[in-house]
Structure formats: C-alpha cells, structure tokens
Amino acid sequence: MNVPVANPIIDERELELVIKTVKSGWISSAGENISKFEDKFAEFCNTKYAITTSNGTSALHLCLVAYSIGPGDEVIVPSMTFVATANAVVYTGAKPVFVDSEFDTWNIDPENIESKITPKTKAIIPVHLYGHPAKMDKIIKIAQKYNLIIIEDAAEAHGARYNNKIVGSIGNAGCFSFYGNKIITTGEGGMITTSNKAIADKIRTLRNHGSSPERKYYYPELGFNYRMTNIQAAIGLAQLEKITDNIERKKEIHATYCEYLQPLHNKITMQPNAEWAESVFWMFSILLASNGKISRDSLIDILHKKGIESRPFFFPLHKYIRFNNKDKLPVSEYLGNCGISLPSGPKLSRKEIRYVCDEIISILD
Ligand SMILES: *Cc1c(COP(=O)(O)O)cnc(C)c1O
C-alpha cells in the first residue's frame, strides 16, 4: 500500500472553470474570477474584505507592510511554525521575536508573550497550527494593553473556529495559503482577510506595485507584484465549493485515527482538541514520548519503508543559527523533536488509516 501524506481533490469542476478561463484569454491577474473568489472567501470568513495574493507568504508580507511594520520594529511569533511566518517579518526589516508554545494547543503560549514585549514590539502573529485555533482572547487582551496589531496566520486553518468566531476574522487581519496540501488549494496562492477598509485598500495597492488608484502607470510608493492569476482563482472558486466537505473529511480522519490509535494512549499524545475550539485538523499529528522505544525520525523511516508518508513537525525557528537566538523554548523544542504528522489528505480511506495505525501500533507497542 502507498499512502501519501496529502492529496488534494481536484475534479471535473476545477477543469471546467479552468478551461473556461483559459479560453476567455483572461489568464493573468485581471479577470472576473479574482473578485468572485475574494467576495466568496470574505463571506466564508465573515470579514468585509478578502484580497487574493500569490501565496501565503506574500499575504503575510503584504499585511505587515500595510501595517507599516519595518526596520527597528519587533513582531512576536511562535517558534513552532512554518518558516514563512518569521521570514515575512524579516522581509520587512523587522525582527521576529520567538515565543514558546503551550502543550494544550501546540500554539503560541499567551502566558509567555508579555515578557517578550518591548517598546519596539508592533504586532503579534498567532499561528493556528495544524488547524487548531490559538487562544485568541488572551492574545487580544495583551494586544489591547500594549497597542499591538494581531495578524492571524491561518494558513493551515481555513474554517476553524475559536469560541464560534471563524479564524481570519478575529485579529486585525488574517492570512491564508492555498498551497497544494492546505485545506483548499489553488496550486500556489494566498488570501488576506480584514474588515478594515483602509488596510484592504492599502493591500490592494501594495499588491500591484504600489499603483495609484487615480492615475494609470503611476507608482508613488514601493509595492510588489504579489497578484494571483485568474486561472488560480478559477481553481479557487471550484475548491471553495468543496471546502465544507474537505473540513468534514479532516474531522472524520481525526476521529478515525483517535479511535484506531486508542491502544497507544499511554505511549503517544494525541492532537489537541480543546472544548472551546473547532479545529479543522489540517494534518493529523501525534507526539511520541521523548524517552520512548524509538525516535520520531526512526518511526518516519520505518513508515516510509511500509509505503506510508509522514512528516516531522517544523524545526523550532529560534534554533536556526541565522536568527542568532539564545532562548530556551522547551515546549517548542519538544514538539519539534517528538511531533509527527500522519497521512491526512481528503482522499484517505478508513482502510488506509487502519493500515497506518496497525503499523504504528506494531512498531511502538
Ligand atoms: C503554508 C504556510 C504558510 C505559507 O504559505 P505558502 O502559500 O506556502 O507561501 C505560512 N504559514 C504557515 C503556518 C503555513 O503552514
């Protein structure tokens, strides 16, 4: 058996819309799919505006620039996240300041944020890791106290809810990715959600080389080409029709893994699922015991030999030499060493999950 870690569902509907778009000749970033996709995504996220971008990383970068974050500023990010969260901060000339995670959500620990705030701190980027929302109420309280912007990195969490509020609508802005393994995909692609009109307008300008809305070919401020194509937006529109089903599948996959891995409940830690949260379980993930029978990396190797693809957790960012950071962030380091994500693509069958779990049980038990 060969079980991939992710596999998007792309069917006749995507093909139909792509063919129509290609035939229309509107294959660059002008075209009606873009605004349709933006409007529908804003509706999905319960925000006034949504702005497409070339990918999730450019969404984060644009958002930071729109909030005037730059050299001399500091931005708080979790150490346990995909590298793009911190890189986007570095692109602006600001400094990412790393905060440890908490065990009960694997997200940024609100209790560890305040001690990292300095007069230079301008923003916090909570990441809804693996689809589970961060503790937004506590983060909002801190942001209000110190007058900080909150940009949600929701790249892995489309549709997740914190206390019934959908992610991307909770902070000042939210950033999403439509990479091939995300909840929905456009190949490459991203989106920024916000209900702030001035910021939405600024993001639209910055996305298109800083173009003036008044005069054609007039670019008074430095901007970027971070536009999505109309072909990608066609795929996005077809994918949005599937988003509720995709999320349902993720929840079923999570429940099935929890059931089949039950015999290991003393040996592994299951993915968090806080009662106040509605996670979308982007990747089903577990933690091995640090003193267990075999290491996470050996488990990945053995599973690979059985045709099962898996992924280690992200490498804790504060440990990269280029960030020149001496902090000890024990939870991030533990997650980075012991976390493993298992096959979680929406096409995964119960039989495949059974196979993966039986193998893991026979290796760990
Ligand atoms: C995927 C991802 C991104 C970046 O998205 P791209 O579309 O690949 O640029 C940012 N943050 C997190 C947490 C991600 O998982």
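Just so you know, ligand 1 is whichever comes first in the structure, and atom 1 is the first atom listed for that ligand. Sequence positions, counted from 1, serve as the residue numbers for this chain.
Shown are Phe314, Phe315, Phe98; of these, the ring-ring contact (aromatic ring centres under 6.0 Å, His included) with Tyr320 is made only by Phe315. For the ring-ring contact (aromatic ring centres under 6.0 Å, His included) with His132, the lone residue among Phe281, Trp282, Trp276, Phe284 that qualifies is Trp276.
Ranking protein heavy atoms by distance to atom 15 (O) of ligand 1, first place goes to Glu156 OE2, 2.6 Å. The protein heavy-atom contact nearest to atom 11 (N) of ligand 1 is Asp153 OD2, 2.8 Å. Here the heavy atom of the protein found nearest to atom 8 (O) of ligand 1 is Ser177 OG, 4.0 Å.
We find that Glu309 and Arg311 are joined by a salt bridge, their nearest charged nitrogen and carboxylate oxygen being less than 4.0 Å apart.
Aromatic ring centres of Phe44 and His158: separated by at least 6.0 Å.
With a 4.0 Å cut-off on non-hydrogen atoms, Val127 touches ligand 1 through its side chain and not its backbone. Of the heavy atoms in Thr57, both backbone and side-chain atoms come closer than 4.0 Å to ligand 1. Using a 4.0 Å cut-off between heavy atoms, Leu129 makes no contact with ligand 1 at all.
Both the sub-6.0 Å distance and the 45° axial angle are not jointly satisfied by Arg207 relative to the ring of Phe224.
At a 3.5 angstrom cut-off on N or O pairs, Thr81 does not count as close to ligand 1. Annotation: Leu60 places no N or O atom under 3.5 Å from an N or O atom of ligand 1; distance criterion only.
No side-chain donor-acceptor contact under 3.5 Å links Glu259 and Thr256.
Using 4.0 Å as the threshold, Lys182 has a heavy atom nearer than that to some atom of ligand 1.
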Can you check ring-ring contact (aromatic ring centres under 6.0 Å, His included) on Phe313 and Phe82, steps first, answer last? CA-CA 9 Å; Phe313 273 28; Phe82 182 52; over 10 Å; no

